[in-house]
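Since the structure comes first, as structure tokens, the remarks are kept for the end.
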Protein chains: 2
Amino acid sequence: MLPTQCLCTNLRRAARGVSRHYDGALDGFGINVAQYSLLCNLKRLDQPSISSLAEAMGLDRSTLGRNVRVLEGAGLLKMTEGADQRNRLVCLTEAGDQCLKAALPAWEAAQQRLMDRLGETKRAQLLQLLDELAGTD
Amino acid sequence: MLPTQCLCTNLRRAARGVSRHYDGALDGFGINVAQYSLLCNLKRLDQPSISSLAEAMGLDRSTLGRNVRVLEGAGLLKMTEGADQRNRLVCLTEAGDQCLKAALPAWEAAQQRLMDRLGETKRAQLLQLLDELAGTD
DNA sequence: TTTTATTGCGGGTATATACATACAAAATGT
DNA sequence: ACATTTTGTATGTATATACCCGCAATAAAA
């Protein structure tokens with residue numbers, strides 16, 4: 001049976017499969033790969049607003065707001081008042097930082113298994129391609 | 001600001017962006033790219049069961065079952081009895097087939113815009129890489 | 001200064017997605 | 001024949017995701 005030629009379909013399928021791979025690795029740390037990514041970005045950016053974090057992650061603001069709420073409920077991040085009355089900042093809690101530290105080896109292992117499968121050349125190719133696709137529309 | 005090195009995060013972000021690109025193109029045809037993909041697979045495979053369709057698309061069976069229900073409600077596909085009492089077959093309706101035909105030019109345009117951006121070499125590279133990733137775990 | 005536009009966010013609604021569990025039908029083993 | 005296992009789905013629960021709309025606070029314009 002011929003595979004689909006649709007770039008989008010193939011991209012979505014790959015994203016699902018790879019997400020399952022990472023989710024499996026992160027199992028036991030109380031977070032999935034989407035949450036791991038959110039927490040990482042929180043560590044990388046310094047107390048971003050909902051909007052800027054969403055922008056940085058290529059997510060809709062409302063989506064990010066809801067994802068943030070889940071992690072806030074888990075105590076891994078918290079919201080603080082910004083300079084502006086309407087502006088709220090997202091920041092990592094100590095627990096969130098610990099969670100990231102604890103999960104790091106598992107993430108590294110998952111990443112490494114994938115890189116071993118691909119090899120260095122394809123890994124670089126893939127990252128390059130994904131970067132180009134990131135700004136789609 | 002340095003981008004993430006996480007393959008999964010980048011893959012997920014690209015999938016979101018590209019999905020938005022295709023969803024925008026399909027706007028007005030009553031289906032999104034995930035549904036377009038499902039209908040295409042339905043046309044490609046002949047009256048698959050829920051399980052085999054899920055397998056073919058790399059989706060969890062329960063997920064596919066729910067996605068199918070949405071399209072059934074829209075009249076684009078219907079369920080029929082299989083040889084087995086527990087086995088149900090999914091098949092495209094006439095409306096579903098018409099919907100696919102109507103949406104095809106929009107899908108082609110979206111695909112073409114993306115390919116123009118990438119160029120033939122990278123397009124082939126990308127499909128190759130995604131295919132390799134498809135079987136991740 | 002009052003009006004208007006912009007900005008930042010939350011909520012409503014709908015779909016996509018997965019895992020665990022439950023359940024019924026069919027196949028298999030004794 | 002009866003018990004066990006396997007198979008095919010559906011349901012419960014939870015998160016991820018997006019679009020639209022509305023609200024409040026701020027900034028810009030008149």
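Naming: A, B, ... by sequence-line order, numbering from 1 per chain.
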**OP:** Ignoring backbone atoms, establish whether Asn67(B) has a side-chain N or O less than 4.0 Å from OP1 or OP2 of dT17(C).
**Re:**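 So the side chain of Asn67(B) is within the cut-off, an N or O lying under 4.0 Å from OP1 or OP2 of dT17(C).
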**OP:** Check whether any side-chain N or O of Asn32(B) sits under 4.0 Å from OP1 or OP2 of dA18(D), and answer yes or no.
**Re:**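 So the side-chain polar atoms of Asn32(B) never come under 4.0 Å of the phosphate oxygens OP1 or OP2 of dA18(D).
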Original post:
Taking Glu132(A) as the fixed residue, which of Arg117(B), Lys122(B), Arg123(B) is the one that meets the salt bridge (charged side-chain N to carboxylate O under 4.0 Å, His left out) rule?
Top reply: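 So, applying the salt bridge (charged side-chain N to carboxylate O under 4.0 Å, His left out) to Glu132(A) and each of Arg117(B), Lys122(B), Arg123(B), only Lys122(B) qualifies.
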Original post:
Of Ala83(A) and Val70(A), whose nearest nucleotide on DNA chain D comes first from the 5' end?
Top reply: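 Its nearest nucleotide being more 5', the pick is Val70(A).
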Original post:
Mapping Ser51(A) and Arg12(A) onto DNA chain C by nearest heavy atom, which one lands closer to the 5' end?
Top reply: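 Nearest-nucleotide comparison on DNA chain C picks Ser51(A).
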Original post:
If you take atom types as modelled and just measure distance, does the side chain of Thr63(B) reach the base of dA18(C) with a donor-acceptor pair under 3.5 Å?
Top reply: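 Result: at least one qualifying N/O pair found.
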From [atom1] of [X] over to [atom2] of [N], roughly how many Å is that when rounded to an integer?
X: Leu11(A); N: dA16(C); atom1: CG; atom2: C1'; answer: 15 Å
X: Leu26(A); N: dC19(C); atom1: CG; atom2: P; answer: 13 Å
X: Arg88(A); N: dA25(D); atom1: CZ; atom2: C1'; answer: 14 Å
X: Ile31(A); N: dA14(D); atom1: CD1; atom2: P; answer: 19 Å
X: Arg13(B); N: dT17(D); atom1: CZ; atom2: C1'; answer: 15 Å
X: Ile50(B); N: dT11(D); atom1: CD1; atom2: P; answer: 11 Å

**OP:** Please check if atom CD in Glu55(A) has more than 12 non-hydrogen atoms from other residues, nucleotides or ligands closer than 6.0 Å.
**Re:**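 Incorrect, the count does not exceed 12.
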Nearest to the side chain of [X], heavy atoms from C-beta on, is which of [options]?
X: Leu59(A); options: dT15(C), dA18(D), dG8(C); result: dA18(D)
X: Gln35(B); options: dC19(C), dG10(C), dA16(C); result: dA16(C)
X: Asn87(B); options: dA18(C), dT9(D), dT15(D); result: dT9(D)

Subject >> Partner residues of Asp97(B) under the salt bridge (charged side-chain N to carboxylate O under 4.0 Å, His left out) criterion, sequence neighbours left out >> reply: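 Salt bridge (charged side-chain N to carboxylate O under 4.0 Å, His left out) check on Asp97(B) returns Lys43(B), Lys101(B).
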Original post:
Hey, are Thr80(A) and Arg88(A) close enough side-chain-wise for a donor-acceptor pair under 3.5 Å?
Top reply: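 No, no side-chain donor-acceptor contact under 3.5 Å.
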Original post:
For residues Glu94(A) and Gln98(A), is any side-chain donor paired with an opposing acceptor at under 3.5 Å?
Top reply: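 Side-chain D/A pair, Glu94(A) to Gln98(A): present.
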**OP:** Describe the nucleic acid contact of Ser49(B) in one word from base, sugar-phosphate, nothing, applying a heavy-atom distance below 4.0 Å.
**Re:**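 The answer is sugar-phosphate, as Ser49(B) gets under 4.0 Å only of primed atoms, P, OP1 or OP2.
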Pull out every protein N or O sitting under 3.5 Å from an N or O of nucleotides 20-25 of chain C, one pair per line with the distance.
unit_1, atom_1, unit_2, atom_2, d
dA25(C), N3, Arg86(B), NH1, 3.2

**OP:** Please examine the side chains of Leu39(A) and Tyr36(A), heavy atoms only from C-beta on, and report whether any two atoms are closer than 4.5 Å.
**Re:**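 The answer is no; the side chains never approach within 4.5 Å.
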Subject >> Test item: Asn41(A) side-chain N/O and Ser37(A) main-chain N/O as donor-acceptor pair under 3.5 Å >> reply: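 Confirmed, Asn41(A) side chain pairs with Ser37(A) backbone.
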